[in-house]
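Order of the sequence lines fixes the chain letters, A, B, ..., with proteins taken first and strands second; residue numbering starts at 1 for each chain. Predicted model only: the values in this text are computed from it and were never measured.
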Protein chains: 2
Amino acid sequence: MAVVELFRALGDASRLEMIRRLSSGDVFTINSLSEGLDITRQGARKHLQILADAQLVTLVPKGRGTNIQMNREMLDQGRAFIADLEHRWDIRLEALRRFVDNE
Amino acid sequence: MAVVELFRALGDASRLEMIRRLSSGDVFTINSLSEGLDITRQGARKHLQILADAQLVTLVPKGRGTNIQMNREMLDQGRAFIADLEHRWDIRLEALRRFVDNE
DNA sequence: TCAATAGGCAACCATTTAGTTGCCTATTCT
DNA sequence: AGAATAGGCAACTAAATGGTTGCCTATTGA
C-alpha cells in the first residue's frame, strides 16, 4: 500500500523538515536542502531518496546540480486517507448517537 | 515533534491495518485486534504499544481483557499538519501565478 | 584548460525495529 | 477449586535504518 510508504517517509524528523522547507515553494538543490540539518550531504541524500521513492518529491538533474520538486498530490493522498478514517469514525459515532436517542 | 511520531506510527502496514479496523468504531481487545494480522499476539502487542505511545490509541484494562480505543484527535492533528503544508504550497503557487500574470 | 562545485556510488557501522518463543500472572466461568 | 482465557515480561534474532567516510565523475566558470 502506497500510503504506508508515504507515512513512513514522513515519519522522520529530517525528512519532515525537508518537506516543510520544500512546501515554502522555494527551489532547492540537494546541497541547499541539506544545509542546517545536522547530517552530512550523503545522509541527506539518502533521506531524499526515500522521499523520492514515496513520490513525495521528484529529483530533476539540472546542469551540475539537481533540482528538487515537491509533489503536492502525494500529500493530498495522505490527507485524504486520514480524512477517510475520520469519516468512518464519525459515521459510527453518529449511528451510536441515534441509537442512544431512540432508547 | 509529536507529529513525527504520529506519522512513524502510521508508517507500517500492520499498524495502519489496526487503525483502519479501529476506525470502524467496533470495540476491539488485544486478542481480537491481533487476529488475521499474520503475526503473533506479542508482535501485535508491540505495534499496539507504538500506537499508544503516539497517542493514536488508548489501552483500557477491563476485567481480564484490554479494551482498545482509537483517538480521533491525533488523526486530526496529522491531517491538519498535511493541510498546512499544502496551504503553504498553494499560497506560493498563487503568488507565482500573480507574478507571471503581471509580466 | 583546470580548479571548484554538485553530486554519485559503495562499504561500513551502530542502533532500532519487527518479530519470535518461553514462561509467568490475573481474571473469569463452571 | 481448577481449567480456560487474556495478557504481561524478558530474552533473543534477523533485517532495516540512519548515519558516516572515502573516493570517483560530470559540469561550470575563471
Student: Return whichever of B:K46 or B:N67 has its heavy-atom-nearest nucleotide of DNA chain D closer to the 5' end.
Tutor: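 Taking each residue's closest nucleotide, the earlier one in sequence belongs to B:N67.
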Student: Taking only N and O in the side chain of B:H47, is any of them less than 4.0 Å away from OP1 or OP2 of C:dG19?
Tutor: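 Checking B:H47 against C:dG19: at least one side-chain N or O falls below 4.0 Å of OP1 or OP2.
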Student: Are A:I39 and A:I68 connected into the same hydrophobic cluster when the rule is that any two of I, L, V, M, F, W, Y join if their side-chain heavy atoms are below 4.5 Å apart?
Tutor: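 Yes.
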Student: At less than 4.0 Å, is any side-chain N or O atom of A:N31 found next to OP1 or OP2 of C:dG7? Yes or no.
Tutor: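 For A:N31, the contact criterion (side-chain N or O under 4.0 Å from OP1 or OP2 of C:dG7) is met.
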Student: So if I take the C1' atoms of five pairs at each end of the helix from C:dT1-D:dA30 to C:dT30-D:dA1 and get each local axis, what angle do the two axes make, rounded to 10 degrees?
Tutor: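 Terminal axis comparison yields 30°.
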Student: I need the CG-P distance between A:L48 and C:dA6, as an integer number of Å.
Tutor: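 Atom CG in A:L48 sits about 15 Å away from atom P in C:dA6.
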Student: Are A:I19 and A:V60 grouped together when hydrophobic residues (ILVMFWY) are joined by side-chain heavy atoms under 4.5 angstrom apart?
Tutor: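 In one cluster with A:I19: A:V60, no.
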Student: How far does CE of B:M70 sit from CD of B:E73, to the nearest 0.5 angstrom?
Tutor: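 If I round to the nearest 0.5 Å, the distance is 9.0 Å.
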Student: Does anything in residues 5-26 of chain A come within less than 4.0 Å of DNA chain C? Heavy atoms only, and list the residues if so.
Tutor: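 When residues 5-26 of chain A is checked for heavy atoms under 4.0 Å from DNA chain C, the hits, listed by number, are A:R8.
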Student: Within the 4.0 Å heavy-atom criterion, would you say B:T40 contacts the bases, only the backbone, or no part of the nucleic acid?
Tutor: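 Since a base atom lies under 4.0 Å of B:T40, the category is base.
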Student: List the steps, then state whether side chain to side chain donor-acceptor pair (under 3.5 Å) holds for A:S23 with B:R88.
Tutor: CA-CA 6 Å; A:S23 76; B:R88 286 156 51 91; 2.9 Å; yes
Student: Choose from D:dG18, C:dA18, C:dT20 the nucleotide whose nearest atom is closest to any side-chain atom of B:I50.
Tutor: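 In terms of side-chain proximity for B:I50, the closest of D:dG18, C:dA18, C:dT20 is C:dA18.
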Student: Heavy-atom count check: over 12 atoms from other residues, nucleotides or ligands less than 6.0 Å from A:D38 CG?
Tutor: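 Not buried by this count: 12 neighbours or fewer within 6.0 Å.
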Student: In whole angstrom, give the distance that lies between atom CG of B:D38 and atom P of C:dA18.
Tutor: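 B:D38 atom CG is separated from C:dA18 atom P by 16 Å.
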Student: Can you measure A:Q49 atom CD to D:dT17 atom P for me and round it to whole angstrom units?
Tutor: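 Between P of D:dT17 and CD of A:Q49: 13 Å.
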Student: For side chain to side chain donor-acceptor pair (under 3.5 Å), just list the numbers for A:N31 and A:E35, CA-CA rounded to whole Å, side-chain angles, deciding distance to a tenth of an Å, and then say yes or no.
Tutor: CA-CA 7 Å; A:N31 263 324; A:E35 278 166 21; over 6 Å; no
Student: Can you measure B:R45 atom CZ to D:dC9 atom P for me and round it to whole angstrom units?
Tutor: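 From B:R45 CZ to D:dC9 P: 8 Å.
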Student: Measure from the side-chain N and O atoms of B:T29 to the backbone N and O of B:T66, and report whether any donor-acceptor pair falls under 3.5 Å.
Tutor: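 At least one qualifying donor-acceptor pair exists.
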Student: Between A:V57 and B:L93, is there shared hydrophobic-cluster membership here, with clusters defined by ILVMFWY side-chain heavy atoms closer than 4.5 Å?
Tutor: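 Same hydrophobic cluster.
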Student: Whole angstrom is fine here: how far is it from CG in A:L33 over to C1' in C:dA6?
Tutor: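 Atom CG in A:L33 sits about 14 Å away from atom C1' in C:dA6.
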Student: Check the surroundings of atom CD in A:E17: do more than 12 heavy atoms from other residues, nucleotides or ligands lie under 6.0 Å from it?
Tutor: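 Yes, the 6.0 Å shell around CD holds more than 12 heavy atoms from other groups.
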Student: Dump the pairs, protein N or O against N or O of nucleotides 22-30 of chain C, anything under 3.5 Å, distances to one decimal.
Tutor:
from, atom 1, to, atom 2, distance (Å)
C:dT27, O3', B:R64, N, 3.3

Student: Assign the ring pair B:F7 / A:F7 to parallel, tilted or perpendicular, where the plane angle (0 to 90°) is split at 30° and 60°.
Tutor: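 The arrangement is parallel - the two ring planes meet at less than 30°.
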Student: From the options D:dA11, D:dG7, D:dG19, select the nucleotide whose nearest atom is closest to the side chain of B:I30.
Tutor: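 Of all the options, the side chain of B:I30 is nearest to D:dG7.
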Student: Please step through salt bridge (Lys or Arg N to Asp or Glu O under 4.0 Å) for the pair A:R79 and A:D76, ending with a clear verdict.
Tutor: CA-CA 5 Å; A:R79 187 169 53 77; A:D76 223 54; 2.8 Å; yes
